[in-house]
Amino acid sequence: MSLQLSRPAPLRQIEDRGGPAQPLLIAKGLRKWFRLSGGLFGRAATVVRAVDDFDLEVKKGETVGIVGESGCGKSTAARLISGITPADEGEVVLDGESFFAPRSRISREQRRAVQMVFQDSASSLNPRMTITETIAFGPRAHGVSRAEARDYALDLLAGVGLPPSRFGERYPVALSGGQRQRVNIARAIAMRPRLLVLDEPVSALDKSVEAQVLNLLVRMREELGLSYVFISHDLNVVRYISDRVIVMYLGQIVEQADAGDLFATPRHPYTRALFASKPSLDPRHRVQVAPLVGDPPDPVNPPSGCRFRTRCPIAEPLCAAAKPPLDIIPGSGDGHRAACWAAIPGSGHSLSANAGVLQ
Amino acid sequence: MHGALSPAADALASEVPPAPQRHQSYLRVVFGRFLRQPIPVIAAVILLAIILAAVGADLVAPHDPFQTRVSRRLAAIGTSDRLLGGDELGRDVLTRLIYGGRISLTMAIVPVAIGLFIGGFLGILAGYAGGRVNMAIMRAMDVFYAFPSILLAVAIAGALGPGLVNGILALSLVFIPPIARMAESVTTQVRGYEYVVAARLSGASTVRILREHVLSNVAGPILVFSSSQVSVSIIAASGLSFLGLGVSPPLADWGLMLSALRQSIYVNPWVAALPGAMIFITSMSFNLVSDGVRKSMEVRR
Amino acid sequence: MLFYIARRLLYSIPIAIGVTLIVFSLVHIAPGDPVSAILPNEATAEMVEQARKDYGLDKPFVVQYAIWLGHAAIGDLGTSIGSGRPVFDEVAGAVGNTVILAISAGLVACIMGFVLGMVAGLWRDRLADHLVSLFTISGVSLPHYWLAILLVIIFSVNLSWLPPLGIGPDTSDGWRPDWAHLQHLILPTIATAAIPMAVIARTMRAAVVDVLDQDFVTTLRAKGLLPRRVLWHVVRNALPTTLAVMGLQLGNMLGGSVLVETVFAWPGTGFLLASAIFQRDLPLLQGTMLVLAMFFVILNLAVDLLQSWTDPRIRRA
């Protein structure tokens, strides 16, 4: 099945400005804190530190996966990157041009370039609109005529595997989870984006359906020249679809590497614990002890220094005193970075001298 | 015509239980469900009768509402030409009840309609804009909420003076805050839904998003709530008339009639009770109907 | 918890200011010259001048408001046009009577509403529930002033059991806890309590049904807890919502008092307000409104704090 539409799309393709060497997206220093109960004038309000110090680079055609537990800030980071939630600090550069800065506005064309696909939930599609209307809404907002937008939407439905003659006039309630996700995807690519930010797109689906949707995403990536930021808590899915992977904990990036590297040699204790907690089908590798102890600490009052130290098996006083920077692991080129004192040679951590050798 | 299909896609397409190609209009579904509830339907019929009688009073009423007749002063219920009795000036109570419906219903419905438009607008604005705008609007509403509603209406109408317009004005101010609050709450909820986020991502203008995505999803609950306020409004509006803050004699209005006939309860008590009965029946019917509408709109998954 | 109280108190202040602002503007929305609104028709030229100076009527709105507020803070609410007495005295005399009625009606409404609601919730869908539902549905649509008149018709006109008017026997100027005065209290209490009782019963029923449906109740029963103990848990969980509604209804009673007191000529603040309106006595109208509104603000505050005290979920916020 091909995504080549039978009619030309009414929206123009967004041109590549920067050339193949220019990263498609650069996010620097993104921070987002949420204020809870309003404070009493001068008194400090309860603040949730959802995302801190977030940097990300996505090359053209690349897929970057983001993994982490619930509440680690992945979804917030996704929304900061796509500019739909304004960050408190930091900036986002799209193909060499400024995309988002705290007091700026995103241009119309840039707005098309970055789209999101959400988890299939009851609220991902407007229950009062047919799926054709839902898909046609975006193009119409950019000046496409009603008739043309409708034809375009029907073509897209066919492209994602939902024959328009049977599905066109349906309301979301008459679709299964996998079908709704296809509609979500069609809605996103109707804008002819260059970057798709997908927030747990297959988490709510049955395994068999998950595979179909993943295959659709992979095929689309090729045919439409898209780049992805793929968020998931499911390590296998992330491994399947990503070129590079970022691991988040409590609002910060703790490790990032090429997918193969990361899964083969995780450097950060949290990443290792995450991988170790995957139950193995091999009876020779039974997991006896739970790799991670305790509950994730409160994002309102994160621990000082390294935020993971309260659950870390190799934490030392140094870890409470200072926050480890996301430094390059020696010997990995620029590819592999981890924010752990034990992985940085000469940091003063008792294991750091052995930074090249892993236990 | 459209893109070719692969067998896998075809298999996917047959996954779900078949749904009707032509989706039944939402309104028709709700209406159908409403009709299946006996009590609200009866209430609706009664309500319709009262409203139609008021509108077509010239055709339906047996006598002239202003025609006084001393010999029929406080006539008992069941008198030959005074079916529901005579009032303190001998006018036909039945006729005046029918004509009175015009003013009483107007004074009850118009303020809620005004509340719906102004309160709904303010609430949706506050809900969608969020932040400071939301706080400013809702705090202003809170100030009005600090008064018991009837007291507020009485005070404002009292200061403005008697009259139909003044009464409607005063009552409108009573209904704007609760409807605004309700609208804000629903809009804030809808704003968080992902399809609204997706709409914002597509770069559509705020007006377009409100019109096509938000409005259709908040209108239902807001309308139902507003309709539930009408039953309160009738009691409040008639209460204002009862205190002399509505229309003036010799116009017919249920609250005014109640107040005037009250002086004569020792002579003919049951005639005095009739205007109040009209208020009660009308209020209850509105209540039951709006309850029925709410139940038929409850989404069943 | 203390922060919550402090925050709630601080939040009430702008509300209270807004309320006083609205009450103050009442005089200004009245048709005609504000001066004529606050002075009797026979006022002499020099009285007019004096009033202009006292209330700063030629100064900007905000200044007038400040002057008025300053007067009000020390208890000077102006002079009633109708009686010539200070408004404060008039209101002070009437407040007590309204409070008596409010307390009496409040007790009846809360207790009866609570019991009826609980019965309806516990015996859901059985006869008791249907009867209570019938009562609550009609109660909510009932005009209290009409109920008052009906009560008078039945009990005073037809049966002559209870007196139709006033707070006590002819020469009485206040309420005393004796049988004669109690008789005068009964009908106004019923008329005032009926609607709140219906609303409280409905809320209580919904709350009880809600709680009964929750899993933890099934767990309690499965543990073998005595029905009486289960009941205690049910009540504890249904209480916060109901308390909030009770508080709200108490406020409504204060408001509705205008109409019921008029019917029974009960000399409370509601009756005072109605006469002020009838006589176009704006200073009295303003003064009474101010006192009533302040009552309501304080009442709301108390209800909020009470609710947070009984509902631990809110306390944590």
Side-chain angles (χ1 to χ4, degrees), chain A residues 1-6 79 82-84 106 108-109 111-112 114-116 118-119 121-130 133-134 137-142 154-155 157-171 173-176 178-179 182 184 187-188 190-191 209 212 215, chain B residues 1-27 29-30 130-132 134-135 139 189-220 299-301:
Chain A
M1 177 193 57
S2 159
L3 261 164
Q4 302 307 327
L5 309 174
S6 48
R79 289 173 184 223
S82 46
I84 201 70
I106 301 176
R108 294 250 307 167
E109 179 169 291
R111 183 63 277 164
R112 280 176 47 206
V114 180
Q115 291 295 307
M116 280 186 78
F118 303 100
Q119 189 170 11
S121 61
S123 55
S124 56
L125 294 170
N126 188 336
R128 299 232 195 289
M129 281 172 113
T130 63
E133 287 167 353
T134 293
F137 175 81
R140 273 179 46 228
H142 282 261
L154 293 172
D155 286 347
L157 277 178
V160 296
L162 297 172
S165 52
R166 275 155 76 179
F167 287 92
E169 298 313 307
R170 287 202 193 183
Y171 286 86
V173 69
L175 298 177
S176 71
Q179 292 164 342
R182 288 173 184 257
N184 277 329
R187 172 176 62 190
M191 308 307 300
V209 181
Q212 290 169 344
N215 284 334
Chain B
M1 185 177 62
H2 297 292
L5 288 177
S6 78
D10 204 12
L12 180 62
S14 57
E15 221 176 271
V16 95
Q21 270 300 78
R22 213 133 275 320
H23 183 92
Q24 252 196 315
S25 148
Y26 181 66
L27 245 64
V29 171
V30 169
R132 297 232 183 88
N134 181 317
M135 255 189 43
R139 288 291 159 88
Q189 197 182 27
V190 167
R191 185 181 188 274
Y193 289 163
E194 275 141 18
Y195 62 82
V196 174
V197 180
R200 284 167 53 214
L201 275 166
S202 68
S205 66
T206 305
V207 175
R208 187 185 277 266
I209 297 178
L210 281 172
R211 195 181 52 206
E212 297 198 32
H213 283 285
V214 176
L215 208 58
S216 53
N217 283 289
V218 299
V299 181
R300 283 172 291 146
R301 285 265 149 186

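Predicted model only: the values in this text are computed from it and were never measured.
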Answer with side chain, backbone, both or neither: which region of [X] has an atom nearer than 4.5 Å to a non-hydrogen atom of chain B?
X         : answer
Met116(A) : both
Leu125(A) : backbone
Arg140(A) : both

Kindly give the heavy-atom pair with the smallest separation between Arg200(B) and Arg111(A), and that separation in Å.
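In terms of heavy atoms, the two residues are closest at O-CD, 4.1 Å.
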Contact summary for Leu201(B) and Val114(A), nearest pair of heavy atoms:
CD2-O, 4.1 Å
I'd like to know if the side chain of Arg128(A) reaches the main chain of Ser216(B), judged simply by a donor and an acceptor atom lying under 3.5 Å from each other, with no hydrogens or angles considered.
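Such a contact is found between Arg128(A) side chain and Ser216(B) backbone.
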Any donor-acceptor N/O pair, Arg112(A) side chain to Ser202(B) backbone, under 3.5 Å:
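No; judged by distance alone, with no hydrogens or angles, the pair does not exist.
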Are any non-hydrogen side-chain atoms of [X] and [Y] less than 4.5 angstrom apart?
X         : Y         : answer
Phe118(A) : Val197(B) : yes
Tyr195(B) : Met129(A) : no
Ser123(A) : Val196(B) : no

With sequence neighbours left out, write down each residue that passes side chain to side chain donor-acceptor pair (under 3.5 Å) with Glu109(A), or none if nothing qualifies.
Arg12(A), Arg17(A)
CD of Gln119(A) to CD of Glu194(B), rounded to nearest 0.5 Å, is 7.5 Å
Under a 4.5 Å cutoff for heavy-atom pairs, which residue among Gln115(A), Glu133(A), His142(A) has the most contacts with chain B?
Gln115(A)
